[in-house]
Amino acid sequence: LDTTFNTGTGANNSVTAIGLQSNGQVVIGGYFTGVNGSPRNYIARVDQYGALDSAFPAGIGANNYVYALAIQSESRLLVGGEFMTFNGTNRIRLTRLNTDGSLDPTFDVGFGPTNQLGSSSYISRLAVQSDGRIVAGGLFTKFNNNTNYANLVRLGANGVVDPSFSLGTGPSGPPQTLFVDQYDRAWFGGSFTSVNGLTSYPYLLRLLGTVPASLPQPVRFMAVSFPQAGTLSMILTGVPGGVFIMDRCNDLKLKNWSP
């Protein structure tokens, strides 16, 4: 336990998201409406010792729960959840804040994530790619009235849907975890059992990014045959231009083969 970090009486309800800014300040989001006895509507910021930032956010905050936080360049903060307004301005489920907690007017997701028949929708996971594009997951059947995005969407740095990114009907359920690796591949895990109707991707999927061709690539054995004594024929699939590292031995029975 780090006893140098103390938030006093702390939040008055659950904290569901944490974002660390470059200056060491910590933004928290969740179900709370107060922190250490001061009103804070679902979002707050503390310093590295836990003291509440009295100037953040620069307004009344969200009007409903905050589930996800992510830090973009220049310490701008992406906020996702179940809210419909932020600081009194319409911002449906997803918004971006400047470092002082004020709304960034250059970021607007329009109608945002919605569900058919008016049922509840939300953003629960956020991740940022190296070029500033945003991968967002949650519970929704369309995004900004576009039905090509269910439970997972990618946005440009200004909040506009990226049309090059679509999984059709998408995962059959919302994410429980989402992150972007060093090659901008988005990893998505949850309770879904299919993706775009395909049941070959239950519970976990990875989306393509930009992997250097010089790195060893995943390889799949599609067919193996022995056309004649002492020879082995294989058909492999992988990333075009990738380098596949393999091994060989004289006795296949004694060798564990790996790509």
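Basis for what follows: all heavy atoms, side chains included, without hydrogens, waters or symmetry-related copies.
Between the CZ atom in Phe140 and the CG atom in Leu152 there is a gap of 6.5 Å [rounded to 0.5 Å]. Atom OH in Tyr42 sits 11.5 Å away from atom OG1 in Thr16 (nearest 0.5 Å). Separation of atoms CG (Asp104) and CD (Glu74) is listed at 9.5 Å; rounding is to 0.5 Å.
For the pair Phe143/Leu155, a side-chain contact is recorded, criterion being any heavy-atom separation below 4.5 Å from C-beta on. Counting only heavy atoms from C-beta outward, the side chains of Asn151 and Leu167 never approach each other to under 4.5 Å. Side-chain contact check for Val135 versus Phe188: every heavy-atom pair is 4.5 Å or farther apart. Between Ile134 and Leu126 the shortest side-chain heavy-atom distance falls below 4.5 Å. At a threshold of 4.5 Å between non-hydrogen side-chain atoms, the residues Asn23 and Gln48 do not count as touching. Contact of the Leu97 side chain with the Val27 side chain is not registered, since no non-hydrogen atoms from C-beta on lie closer than 4.5 Å. With contacts defined as side-chain heavy-atom distances shorter than 4.5 Å, the pair Glu82/Arg93 qualifies. Residues Leu103 and Phe86 are in side-chain contact: their nearest non-hydrogen atoms beyond the backbone lie under 4.5 Å apart.
Remark: side-chain polar atoms of Asp162 are not paired, donor with acceptor, to backbone N or O of Arg154 under 3.5 angstrom. Judged purely by atom type and a 3.5 angstrom limit, Gln21 has no side-chain atom pairing as donor or acceptor with the backbone of Ile71. Proximity of a side-chain donor or acceptor of Asn115 to a complementary backbone N or O of Thr141 within less than 3.5 Å is detected. Put simply, the side chain of Asn98 never gets that close to the backbone of Gly101: no donor and acceptor are under 3.5 Å apart. Checked by atom type and distance alone, the side chain of Asp181 never pairs as donor or acceptor with a backbone atom of Trp187 at under 3.5 Å. Side-chain N or O atoms of Ser124 include none that pairs as donor or acceptor with a backbone N or O of Gln176 at under 3.5 Å. The main-chain N or O of Ser172 is never found under 3.5 Å from a side-chain atom of Ser194 such that the two would form a donor-acceptor pair. Formation of a donor-acceptor pair under 3.5 Å by the Asn63 side chain with backbone atoms of Thr85 is found in this model. Without hydrogens or angle criteria, Asn87 side chain to Thr89 main chain gives no donor-acceptor distance under 3.5 Å.
Ser22 and Ser75 share a donor-acceptor pair across their side chains, judged by distance under 3.5 Å alone. Ser38 and Asn36 form no side-chain donor-acceptor contact under 3.5 Å, judged by distance and modelled atom types alone.
Between Tyr67 and Tyr122, the distance separating the two ring centers is shorter than 6.0 angstrom.
For Arg133 against Gly156, the heavy-atom pair with the smallest separation is CG-CA, 4.3 Å. Here the shortest heavy-atom pairing between Asp100 and Ser102 reads OD1-OG, 2.6 Å.
Grouped with Ile92 in one hydrophobic cluster are Met84, the linkage being side-chain heavy-atom contacts under 4.5 Å among Ile, Leu, Val, Met, Phe, Trp and Tyr residues.
Within 6.0 Å of CZ in Phe5 there are more than 12 heavy atoms belonging to other residues, nucleotides or ligands. Within a 6.0 Å radius of OH in Tyr65, no more than 12 heavy atoms belonging to other residues, nucleotides or ligands are found.
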Worksheet item: Are Thr33 and Asn12 close enough, and set up right, to give a side chain to side chain contact (heavy atoms under 4.5 Å, CB included), and what steps lead you there?
Response: CA-CA 7 Å; Thr33 56; Asn12 64 359; 3.1 Å; yes
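Exactly one residue among Leu94, Asn148, Asn144, Val161 makes a side-chain contact (heavy atoms from CB on, under 4.5 Å) with Val153. That residue is Val161. Partner of Val15 under the side-chain contact (heavy atoms from CB on, under 4.5 Å) criterion, chosen from Val66, Ile28, Thr7, Val35: Ile28.
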Please list every donor-acceptor pair under 3.5 Å in which a side-chain atom of residues 196-203 meets a protein atom from a residue at least two apart or in another chain.
unit_1 : atom_1 : unit_2 : atom_2 : d
Asn196 : OD1    : Thr169 : N      : 3.0
Asn196 : OD1    : Thr169 : OG1    : 3.2

